[in-house]
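Accompanying notes for the structure given below.
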2 protein chains.
Amino acid sequence: MPSDPGDLGARLRESGLRLTPQRELILRAVEELGHATPDEVLAQVRTHASSVNASTVYRTLEVLEELGLVRHTHLSDRAPTYHSTREPEHFHVVCRRCGVVRSVDPEVAAPLVEALEREHGFSPDLGHLALFGVCSACSSESPATQ
Amino acid sequence: MPSDPGDLGARLRESGLRLTPQRELILRAVEELGHATPDEVLAQVRTHASSVNASTVYRTLEVLEELGLVRHTHLSDRAPTYHSTREPEHFHVVCRRCGVVRSVDPEVAAPLVEALEREHGFSPDLGHLALFGVCSACSSESPATQ
DNA sequence: GTTAATGCAAATTGTTTGCACTTTC
DNA sequence: GAAAGTGCAAACAATTTGCATTAAC
């Protein structure tokens, strides 16, 4: 699912921004990795190109997020992870014990979304959501341990 | 709702840990502040006591969390915020535009919890959850802007 | 040729660690 | 008085910023 550079260029130009090889490489890296921290994106870019600077990665991820081409979420207490918005919208569940991350169809959360809108006038953004907990494999293994 | 020092002391002793003035002050600060980052806790402690070291705040919040007396969640992309578990269990919704944080009864998310358990065998921990989105005041003000 | 974008190095922010000293039990 | 806890300073990780240089348009 490599990125279509024309699309990126068009989106950038709409906002008076410029298409650079770094921006193409960084978007491509995010798409290849699925979910990745800025550091991982940097490492991935370096497998293709000689080098890109870390600050360029941060600046570019910010730009790509403003353009709506990537999103970020927090899958750990450490660095955020970015993913392409070409993937269908989803939220994440993360197992605290084994660390496994699964993407979940937002439809599952529809009742929650409706209740929050109805009862609190609040429109949640599920794309940013990561829910921590314990997966089935881990809870059957050692139900007592938290 | 100041903390009962006897309770803290008892919990600590159960685990072979010691009751210190710093630990009392830090727990008290968290309870007074409602939701606070380590930095804010430090500042609050200093309004009572001459001084406590920042590393003691980090170490103590970790201990208090292990004892189940406080919990943390991520209400921003920056530092985590801690709150007392004396508050009834809740999760948080955060408005991206005005920054307002509201606590929500976990009952609202019961259908989501059940669906995740049924369909994915996943038991989510709502206490750690912060949902980002837009509150009613902000969405009526300027519905177009994200 | 203008202006945006990048690279680099230094500054910031949030957090952790090693170790000598202090305090609790 | 033994072991746990604290303070302090230094190390660390992730990110941001200022500014000179480079590249897109």
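In what follows, chains carry the letters A, B, and so on, assigned in the order in which the sequence lines appear, proteins first and then strands, with residues in each chain numbered from 1.
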A/R23, nearest nucleotide to its side chain (from C/dT6, D/dG5, C/dT3): C/dT6

Distance in angstrom units between B/R46 CZ and D/dT6 C1', rounded: 13 Å

From B/L25 atom CG to B/E32 atom CD, the distance as rounded to the nearest 0.5 Å: 9.0 Å

Nearest-nucleotide comparison on DNA chain D, the residue closer to the 5′ end among B/T60 and A/A54: B/T60

Gap between atoms CD and C1', on B/E40 and C/dT13 respectively (whole Å): 14 Å

Proximity to the side chain of B/S55 - top-ranked nucleotide from D/dC8, C/dG7, D/dT6: D/dC8

Distance below 4.0 Å between A/N53 side-chain N/O and C/dT6 OP1 or OP2: no

is_close_aromatic(A/H92, A/H35), centroid dist under 6.0 Å: yes

Nearest-nucleotide pick for B/T20, side chain only, options being C/dG14, C/dT24, C/dT6: C/dT24

A/R59 (side chain) and D/dT16 (base): donor-acceptor pair under 3.5 Å: no

Nearest-angstrom distance from the residue atom NE2 of A/H74 to C1' of D/dT15: 13 Å

A/Y58 vs D/dT16: side-chain N/O to OP1/OP2 distance below 4.0 Å: no

Interatomic distance, B/R18 CZ vs C/dT24 C1' [rounded to whole Å]: 5 Å

Euclidean distance, atom CG of residue A/L17 to atom P of C/dT6 [Å, nearest integer]: 10 Å

Nearest-nucleotide comparison on DNA chain C, the residue closer to the 5′ end among B/P21 and B/D39: B/D39

Salt-bridge contact A/D125-A/R71 (side-chain N to carboxylate O under 4.0 Å): yes

Matching residue for B/T60 among B/R23, B/E24, B/E65 - test: side chain to side chain contact (heavy atoms under 4.5 Å, CB included): B/R23

Proximal nucleotide (of C/dT24, D/dT6, D/dC25) relative to the A/L19 side chain: D/dC25

Length of the CZ-P vector between A/R78 and C/dT13, whole Å: 18 Å

Atom pair distance, as rounded to whole Å: CG in A/L12 and P in C/dT6: 10 Å

Close aromatic pair by centroid cut-off 6.0 Å: A/H74 and B/H74: no

Spacing of B/L42 atom CG relative to C/dT15 atom C1', expressed in whole Å: 13 Å

Listed nucleotide nearest any side-chain atom of B/Q22, set C/dC8, C/dT23, D/dG7: D/dG7

Closest listed nucleotide, where the reference is the side chain of B/R13 and the choices are C/dC25, C/dC8, D/dT6: C/dC25

